[in-house]
Amino acid sequence: MKRLKDQVVIVTGASKGIGLEIAKVFSREGAKLVLVARNEKQLKELSTQLEDAIYVTADVSKEGHMDKVAEAALKKWGKIDVLVANAGICLEMRLEEMTLEKWQETIDVDLTGVFLSVKSVIPAMKQRNKGKVVVTSSVTGPVAAMPGFSHYGAAKSGISGFIRTAAIELAKYQINVNSIEPGNIISEGMLALGDEHVQHHLRAIPWGRLGTGEEVAYLALFLASKESDYITGQGIVIDGGQTLPESHFIPY
């Protein structure tokens, strides 16, 4: 039995990274997908590779864009079962060099984008008295800190407060709201920082390796499935134990 058979799922940031892996895993589990990102070329190519998938180009930080995504899902399939609010950006910049423009850009995409995405699906989920919302957050902000990412950490910390309140407000409609807090995951962005940067992270991970997008996708699958019906307002860490040690200078 496919765990998401005939479930209509919106995935933002679906063109690459964790979002791409979520789309692939959810497709294998029988979901009908609405793929969302800003890059139309990548979305179009992905939609042809997956069964029962359509795509909508949208910017989650812009008011009205996610409303159009919800409308496309309803027009195609008449319902929305799951939202995976995964779109995000991660730009390294130390606080002293931070510009208001870069600060606001990160907050707009990583936090305001979550708000607009969730708000867009509430009417459809309320109508059916059911729904699952899964937000991709990070360990950076909610449980840890990284120099050069004060803007990113602020946005991801904001997600923690947002999902808790949203979970309370939407519980009466049987809508679950949870987040995933990945540690260091293999991605284009991570690898672009260079081997030295990656090696620094590896030394801090008791599991001894970076995580994979597919591993994060399977956690998202659990939170999107019936198996997580009694879980709401929670942020679940997936980091190979990186945030556990009291000191990273003591050999594991």
Side-chain angles (χ1 to χ4, degrees), residues 3-4 7-14 18-19 22-23 25-26 29 31 33-34 36 58 60-61 63 65-67 69-70 73-74 79-88 106-144 152-183 185 215-239 243:
R3 294 159 75 182
L4 296 179
Q7 299 284 292
V8 177
V9 181
I10 296 172
V11 182
T12 70
I18 290 174
I22 289 173
V25 168
F26 280 33
E29 291 293 330
L33 293 168
V34 182
V36 183
V60 297
S61 69
E63 189 170 13
H65 281 217
M66 287 306 297
D67 291 333
V69 172
L74 293 172
K79 63 173 184 170
I80 299 170
D81 296 291
V82 179
L83 165 69
V84 181
N86 168 78
T106 299
I107 297 298
D108 285 348
V109 175
D110 291 6
L111 183 55
T112 304
V114 170
F115 156 66
L116 292 173
S117 297
V118 174
K119 187 177 180 183
S120 72
V121 301
I122 291 175
M125 290 183 176
K126 276 179 62 176
Q127 187 174 26
R128 300 178 63 241
N129 209 48
K130 64 178 293 189
K132 295 291 181 77
V133 173
V134 183
V135 180
T136 301
S137 183
S138 174
V139 295
T140 303
V143 295
Y152 181 80
K156 298 303 185 179
S157 294
I159 287 173
S160 298
F162 174 78
I163 66 162
R164 292 185 185 117
T165 303
I168 294 172
E169 291 186 13
L170 300 176
K172 60 187 174 183
Y173 306 116
Q174 304 293 285
I175 300 172
N176 303 69
V177 186
N178 294 292
S179 71
I180 295 170
E181 297 174 1
I185 307 299
E215 288 171 320
V216 178
Y218 277 109
L219 177 53
L221 174 63
F222 167 69
L223 291 174
S225 72
K226 185 173 177 57
E227 294 152 351
S228 64
D229 278 357
Y230 204 55
I231 301 173
T232 198
Q234 303 303 308
I236 301 179
V237 172
I238 174 169
D239 71 347
T243 55

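Treat the numbers as computed from the prediction; the structure is a model and nothing was measured.
Summarising the local packing, NZ of Lys79 is surrounded by more than 12 heavy atoms from other residues, nucleotides or ligands at distances under 6.0 Å.
Using a 4.5 Å heavy-atom threshold, the side chains of Leu33 and Val9 count as touching. Taking 4.5 Å as the limit, every side-chain heavy atom of Glu181 sits out of range of all side-chain heavy atoms of Thr243. Side-chain contact between Val60 and Leu116 is absent, with no heavy atoms from C-beta onward closer than 4.5 Å.
Among all heavy-atom pairs drawn from Ser179 and Ile159, the shortest one is CB-CG2, 4.3 Å. Among all heavy-atom pairs drawn from Gly235 and Ile163, the shortest one is N-CD1, 4.2 Å. When every heavy atom of Val34 is checked against every heavy atom of Ala73, the shortest pair comes out as CG2-CB, 3.7 Å. Nearest heavy atom pair, residue Pro182 against residue Ile18, reads CG-CD1, 4.2 Å.
Side-chain atoms of Ser61 never come within 3.5 Å of backbone atoms of Val109 as a donor-acceptor pair (strictly under, hydrogens ignored). Ser120 places a side-chain N or O within donor-acceptor distance of the main-chain N or O of Ser117, the cut-off being under 3.5 Å. One N or O on the side chain of Asn178 and one on the backbone of Gly233 form a donor-acceptor pair closer than 3.5 Å. Within the 3.5 Å criterion, the main-chain N or O of Ala87 finds a donor-acceptor partner in the side chain of Thr12.
Listed by first and then second residue, the salt bridge (Lys or Arg N to Asp or Glu O under 4.0 Å) pairs that reach into residues 158-179 come to none, sequence neighbours excluded.
Note that the CG atom of Asp110 and the CG atom of Asp108 stand 9.5 Å from one another [nearest 0.5 Å]. How far CG of Leu219 is from CD1 of Ile238: 5.0 Å, rounded to the nearest 0.5 Å. Taking CG from Asn129 and CD1 from Ile175, the interatomic distance works out to 7.5 Å, rounded to the nearest 0.5 Å. Distance NZ/Lys132 to NZ/Lys226: 8.0 Å, rounded to 0.5 Å. Within the model, atoms CG of Leu111 and CZ of Phe162 stand 8.0 Å from one another, a figure rounded to the nearest 0.5 Å. The line from CG of Asp229 to CG of Leu223 is 11.0 Å long, rounded to the nearest 0.5 Å.
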**OP:** List the steps and the verdict of side chain to side chain contact (heavy atoms under 4.5 Å, CB included) for Asp81 and Val8.
**Re:** CA-CA 5 Å; Asp81 296 291; Val8 177; 3.9 Å; yes
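For Glu29, the side chain to side chain contact (heavy atoms under 4.5 Å, CB included) partners at least two apart in sequence or on another chain are Lys2, Arg3, Leu4, Leu221. In this structure Lys156 satisfies the salt bridge (Lys or Arg N to Asp or Glu O under 4.0 Å) test with no other residue, sequence neighbours excluded. Take Ala217 and apply the side chain to side chain contact (heavy atoms under 4.5 Å, CB included) test, not counting sequence neighbours, and it matches Glu21, Ile22, Val25. Contacts of Ala58 classified as side chain to side chain contact (heavy atoms under 4.5 Å, CB included), with partners at least two apart in sequence or in another chain: Val36, His65, Val69.
Considering Lys126, Gln127, Arg128 as possible partners of Lys130, the one that fulfils the side-chain contact (heavy atoms from CB on, under 4.5 Å) test is Arg128.
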Show me the donor-acceptor pairs within less than 3.5 Å that the side chains of residues 135-143 make with the rest of the protein, sequence neighbours left out.
unit_1: Thr136; atom_1: OG1; unit_2: Asn86; atom_2: OD1; d: 2.9
unit_1: Ser138; atom_1: OG; unit_2: Thr140; atom_2: N; d: 2.9

